[in-house]
Amino acid sequence: MATKKVGTAGRFGARYGRRLRQKVAAVEKKLKQWHKCPYCKKMRVRRIASGIWFCRSCKSKFTGKAYTL
């Protein structure tokens, strides 16, 4: 269960320790937000798969890092 306090790492429950769950939550928070397109410079890029990014404004598909652009 995701709560305001733990975010998406709430699915792990009491397992794996506090630090690891906080690190996972921080990475996933960056992963899920909008990113800036390197072509049209708009904040319309989302991740499709690991390392594959898609801009919904200019419809360009490109590669980048796995979790952040």
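Heavy atoms only: backbone and side chains are in, while hydrogens, waters and symmetry mates are out.
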Engineer: Linking directly or through intermediates, with side-chain heavy atoms under 4.5 Å: list the remaining ILVMFWY members grouped with L20, chain and number order.
Structural biologist: none

Engineer: Rounded to the nearest 0.5 Å, what's the gap from OG on S57 to NZ on K41? Could you check?
Structural biologist: 12.5 Å

Engineer: Do the side chains of I52 and F54 join up, straight or via other hydrophobic residues, at under 4.5 Å, putting them in one cluster?
Structural biologist: yes

Engineer: To the nearest 0.5 angstrom, please state how far the SG atom of C55 sits from the NE2 atom of H35.
Structural biologist: 12.0 Å

Engineer: Could you pull out all residues at least two apart from Q22 that satisfy side chain to side chain donor-acceptor pair (under 3.5 Å)?
Structural biologist: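 Q22 satisfies side chain to side chain donor-acceptor pair (under 3.5 Å) with no other residue.
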
Engineer: Report the C-alpha separation of V24 and F12 in whole Å, then their side-chain angles, then the decisive distance to 0.1 Å, and conclude whether the side chain to side chain contact (heavy atoms under 4.5 Å, CB included) test is met.
Structural biologist: CA-CA 10 Å; V24 167; F12 299 127; 3.8 Å; yes

Engineer: How long is the span from the CG atom in L31 to the OG1 atom in T8, to the nearest 0.5 Å?
Structural biologist: 9.0 Å

Engineer: Tell me if the centroids of the rings in Y39 and F62 come within less than 6.0 Å of each other.
Structural biologist: yes

Engineer: How long is the straight-line distance from OG1 of T68 back to CZ of R47, given to the nearest 0.5 Å?
Structural biologist: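 R47 atom CZ to T68 atom OG1 measures 10.0 Å (nearest 0.5 Å).
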
Engineer: In Å and rounded to the nearest 0.5 Å, what is the CH2 to NZ distance from W34 to K42?
Structural biologist: 12.5 Å

Engineer: NZ of K61 to CD1 of I48: how many Å apart, nearest 0.5 Å?
Structural biologist: 4.5 Å

Engineer: Are R46 and W53 in a cation-pi setup, meaning NZ or CZ lies under 6.0 angstrom from the ring centre and within 45 degrees of the ring axis?
Structural biologist: no

Engineer: Pairs in or reaching into residues 19-32: which pass salt bridge (charged side-chain N to carboxylate O under 4.0 Å, His left out), with residues at least two apart or in two chains?
Structural biologist: R11-E28

Engineer: Closest approach of V45 and K36, non-hydrogen atoms and distance?
Structural biologist: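 So the two residues come closest at CG2-C, 4.0 Å.
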
